[in-house]
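Inspection log for the structure reproduced underneath, given as structure tokens.
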Amino acid sequence: MSDIEKVKKLREVTGAGFKDCNLAIKESNGDLDKAVEILRVKGISKASKKMSRDAKEGVVVVSGDDTKTSVIEVNCETDFVAKNDDFISFVKELSELNNKTNSNLEELKVTKMKNGQTVDDNLVALIAKIGEKITIGKAKTIQNSNGMNNHYLHTVVKDNVAKLAVMVSLDTKDNSDIVKNFSKQLSMHIAASNPLALEAGSIDEEIIKKEQELVTEELKNSGKPDDIAKKISLGKMNKFKEENALLTQAWVMEPKKKVQDVLKELSIADLKIKEFYRIKIGE
């Protein structure tokens with residue numbers, strides 16, 4: 001894209017004058033995002049206010065197959081735009097490209113779309129057309145050559161476009177309907193139960209630390225003796241880990257069982273949960 005085309009795009013997005021846009025493109029060495037920011041900082045851009053507004057709505061889009069599955073989040077400001085045909089068309093094509101680039105967002109942004117323009121250029125044009133801040137959020141690809149992937153979509157907007165997505169990856173040589181059914185049910189369980197990690201030992205240390213601080217604070221004001229408070233604290237922390245680790249969570253379909261019990265009952269020797277990823281708009 002030539003500098004003059006970039007100036008034109010910048011004018012469309014920001015509503016600023018030609019001269020200011022021209023200077024911003026020079027100052028940013030042709031980087032459109034930086035140019036928008038330069039104009040915003042200078043207080044010149046009218047529509048660049050769009051880019052400082054909150055984009056908490058949007059969609060997640062899943063693409064791929066059972067050996068390589070990807071999800072990408074695209075945010076906008078209103079649910080109305082999340083259902084717009086131009087927006088849906090853009091995110092669906094973007095999702096396919098995201099799967100090809102293995103969720104490498106830097107590579108994705110410079111990848112050409114069907115119209116010959118890059119993802120970044122198409123994004124700028126879409127913002128100009130729709131008049132809302134639109135940003136590409138998180139993206140994740142799960143590859144699996146030793147088993148199968150599955151996914152679940154909740155609050156579907158259209159086809160593979162939704163508000164919540166879960167990807168699950170299982171290690172197993174067994175590709176029977178029993179395993180496929182379990183992987184689908186597991187995806188649904190994760191959507192509902194939002195585990196923080198596969199097992200207790202893998203929960204982020206920062207999260208554990210924060211929870212411990214909350215428990216300690218709560219017990220400080222309880223008036224209980226130190227040794228009792230320590231026992232209660234330990235019990236609460238163990239319960240927190242159990243309820244937030246996938247394997248020890250109560251199975252949504254049959255809460256008296258834990259996920260690890262259901263896994264065991266399938267009696268498939270090599271079956272293991274390899275990886276999972278859950279993403280929800282607004283979380």
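By convention here, the first residue in the shown sequence is residue 1.
Listed by chain and number, the residues in a side chain to side chain contact (heavy atoms under 4.5 Å, CB included) with S183 are M148, N150, L170 (sequence neighbours excluded). N99 is linked by a side chain to side chain donor-acceptor pair (under 3.5 Å) to S70, counting only residues two or more places apart in sequence or in another chain. Residues passing the ring pair (Phe, Tyr, Trp, His ring centres under 6.0 Å) test with H189, sequence neighbours excluded: W251. With sequence neighbours left out, K158 forms a side chain to side chain contact (heavy atoms under 4.5 Å, CB included) with I88. Evaluation of the side chain to side chain contact (heavy atoms under 4.5 Å, CB included) rule for D177 yields K180 as partners, not counting sequence neighbours.
E57 approaches D79 most closely through the heavy-atom pair CG-N, 3.5 Å. Between V156 and A162 the shortest heavy-atom distance is CA-CB, 3.9 Å.
Under the 4.5 Å side-chain contact rule for hydrophobic residues, I178 and V168 share a cluster. Both V91 and I134 belong to a common hydrophobic cluster when Ile, Leu, Val, Met, Phe, Trp and Tyr are linked at side-chain heavy-atom distances under 4.5 angstrom.
When the shell of 6.0 Å around NZ of K100 is examined, it contains 12 or fewer heavy atoms from other residues, nucleotides or ligands. In this structure, E265 places its CD atom where more than 12 heavy-atom neighbours from other residues, nucleotides or ligands lie under 6.0 Å away.
For T101 and N104, the side-chain atoms include no donor-acceptor pair closer than 3.5 Å. Checked by atom type, the side-chain pair E243/S193 shows no donor-acceptor distance below 3.5 Å. Checking N75 against K133 by side-chain atom types alone, no donor-acceptor pair falls below 3.5 Å.
Although no hydrogens or angles enter the test, the distance criterion places a donor-acceptor pair under 3.5 Å between the side chain of E132 and the main chain of T78.
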CA sep, side-chain torsions, deciding dist, call: L186, I190, side-chain contact (heavy atoms from CB on, under 4.5 Å): CA-CA 6 Å; L186 186 64; I190 292 163; 4.1 Å; yes
Trace of the side-chain contact (heavy atoms from CB on, under 4.5 Å) decision for I72 with L105: CA-CA 10 Å; I72 189 162; L105 291 181; 4.2 Å; yes
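Taking a cutoff of 4.0 Å between a charged side-chain nitrogen and a carboxylate oxygen, K114 and E96 do not qualify as a salt bridge. A salt bridge links E242 with K258: the distance from a Lys NZ or Arg NE/NH1/NH2 to an Asp or Glu carboxylate oxygen falls below 4.0 Å.
Distance check: L94 CG to I136 CD1 gives 5.0 Å after rounding to the nearest 0.5 Å.
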Enumerate, atom names and distances included, each donor-acceptor pair closer than 3.5 Å involving a side-chain atom of residues 267-274, sequence neighbours excluded.
| residue | atom | partner | partner atom | Å |
| --- | --- | --- | --- | --- |
| D270 | OD1 | T172 | OG1 | 2.9 |
| D270 | OD2 | K173 | N | 2.7 |
| K274 | NZ | Q143 | O | 2.7 |

